[in-house]
Amino acid sequence: MTLSEELSWRGFVNQTTFGDIKALDKPLTFYWGVDPSSDSMTIGNLALAMMVRHFIDHGHKAILLVGGATGMIGDPDGKNEERDLKSLEEIQKNKDGIAAQYRRIFAGQDFEIVDNYDWFKGLGYLDFLREVGKHFSMTQLLDREFVQSRIGKDGKGISYAEFSYSLIQGYDFLHLFRKKGATLQVAGADQWGNSIAGVELIRKLEGKTAHIWTGPLVINTSTGMKFGKTEGGAVWIDPNKTSVFDFYQFWLNVDDAGAPQYLKFYTLLSQEEIKHLEQETKQSPKNRAAQKKLAYEVTKIVHGKAQADAAKQATEQLNGADTAINNDMIPILSVGQSDELNIIKVLVDAKLATGQSDAKRLVSQGGVRFKDLKITDQFEPIRGEGLLQVGKRRFLRIQRKSD
RNA sequence: GCUGGGAUAGCGAAGUGGUCAAACGCAUCUGACUGUAAAUCAGACGGCCUUGUGCCUUCGGGGGUUCGACUCCCUCUCCCAGCACCA
């Protein structure tokens, strides 16, 4: 199957400068970047990463960019107000985090990591204005949709720095075109405007045609909202921000309607396999075949097979009312043999509640269970060991030390 | 720089001297129903405890008036609009 066919059936086609997407079927050099606004990608970035994987698998040369320079400014697109600048230390930490995740997700594949700070740090302001700024029309820059929404009566304002963001990104493309022969930028749907700036620069300065390929914004099909938001905020790739178990659970809980599409985006399963899972889910939805496969596959890609197996096992054991979980997917609280525990304190310490008020609220609303028994009295001490459950899917194992 | 408008909980948005921890909507959490789904319904949603017509901290920052301020006055910061400046 060619790349254009692969991207088509998986639904990765959004907007592109290619007249005919078959142009993708002969290998070229492309780049994709993640903004270091955090030290981890979210599953929003992951969808694009999976798209990039298909490019690499079909023989395209990948340049993966960490936006050290762009991160210093902050992408204003899609934001409704000016953002605080990040410290250099924070950007460095974020860059390191993103680069590490590139290496993990694309392990075994051929790619090169670059940082746009490397070519911006030596570039003077005047040089930049002369070489890049001169080629941008103020009218066009002002006409951009997000600029219009930020200025004017109901806008929250925009600084010159953020306003200029797309010039920086545009220059990235020019630079990578010149130095690395990149003729294609792959990006998320929201990056079209920023990306096109690069295409124009290349046309004006080099007289060459470069291209853009944007992937779709993944939405939750049942709510129409951006996909990947959950109780704790975003779903992160970093297991310290979203535990492997929570990550697995997130996928396990996606809605039926969206599951087939998520399989196409987030796994490397074949068209036949996905079609089969879709059928199975339609026939007996309660088996959640698509969700189970999805959860396992995505967890495997992001966290490795061992972790995926462990998350799957823990989930099965929980479901079978077997509290003797024998892996470390569920956090453990180890206490003395005869300690009497205060449930409120346990919930707060284990971060299962945001504070004491929240913990008490959970108990009074019947959201806390110990060994399958609802805890109704916040003062009742906890004795013995077993599984503590908060809400539907948050758990803590309480164990006694044998002293 | 001048004139006018604005800043309220995660977001949006009421409130214009006391009944305000602050309406309402969204988001979120819990429960019920289910299939660990969706939809629906119910409750919660600043913090703390001795759970009470309880205490503490909040309505951009600081100060003041008042028995009492989210509400009035002064001042600072930031945003928006128009004007001026750049021309």
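All values reported here derive from a predicted model rather than from experimental measurement. Here is the naming used below: chain letters follow the sequence lines, and residue numbers restart at 1 for every chain.
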Check: Taking only N and O in the side chain of A:R394, is any of them less than 4.0 Å away from OP1 or OP2 of B:C29?
Finding: no
Note to self: I'd like the P distance from B:C55 over to B:G5, given in whole Å.
What the structure shows: 38 Å
Note to self: Given B:A37, B:U51, B:A32, identify the nucleotide with an atom nearest to the side chain of A:K360.
What the structure shows: B:U51
Item checked: Lys NZ or Arg CZ of A:R393 over A:F250 ring: under 6.0 Å, within 45° -> no
Check: Is the shortest side-chain N/O distance from A:K392 to OP1 or OP2 of B:U34 below 4.0 Å?
Finding: no
Check: Would you say A:R361 reaches B:U51's phosphate, i.e. side-chain N/O to OP1/OP2 under 4.0 Å?
Finding: no
Item checked: Nucleotide-level pairing of RNA chain B, given in dot-bracket where Watson-Crick and G-U pairs need both distances under 3.5 Å and | marks other strands -> ((((((((.[[[..)..(.....]]].(((((.......))))).((((..).)))...[[[[[..)....]]]]])))))))....
Checklist line | Sidechain-backbone polar pair: A:Q191 side chain, A:G188 backbone, donor-acceptor under 3.5 Å | finding: no
Next item on the list: Answer yes or no: does a side-chain N or O of A:R369 lie under 4.0 Å from OP1 or OP2 of B:U30?
Entry: no
Next item on the list: Output all residues satisfying side chain to side chain contact (heavy atoms under 4.5 Å, CB included) with A:I105, sequence neighbours left out; order by chain, then residue number.
Entry: A:M41, A:L46, A:A49
Note to self: Looking only at the side chain of A:F379 (C-beta and beyond, no hydrogens), which of the listed nucleotides B:A44, B:A37, B:U50 gets closest?
What the structure shows: B:U50
Check: Would you say the base of B:G31 and the side-chain of A:Q365 have a donor-acceptor pair closer than 3.5 Å?
Finding: no
Next item on the list: Tell me what A:L362 touches on the nucleic acid: a base, only sugar-phosphate, or nothing, going by heavy atoms under 4.0 Å.
Entry: sugar-phosphate
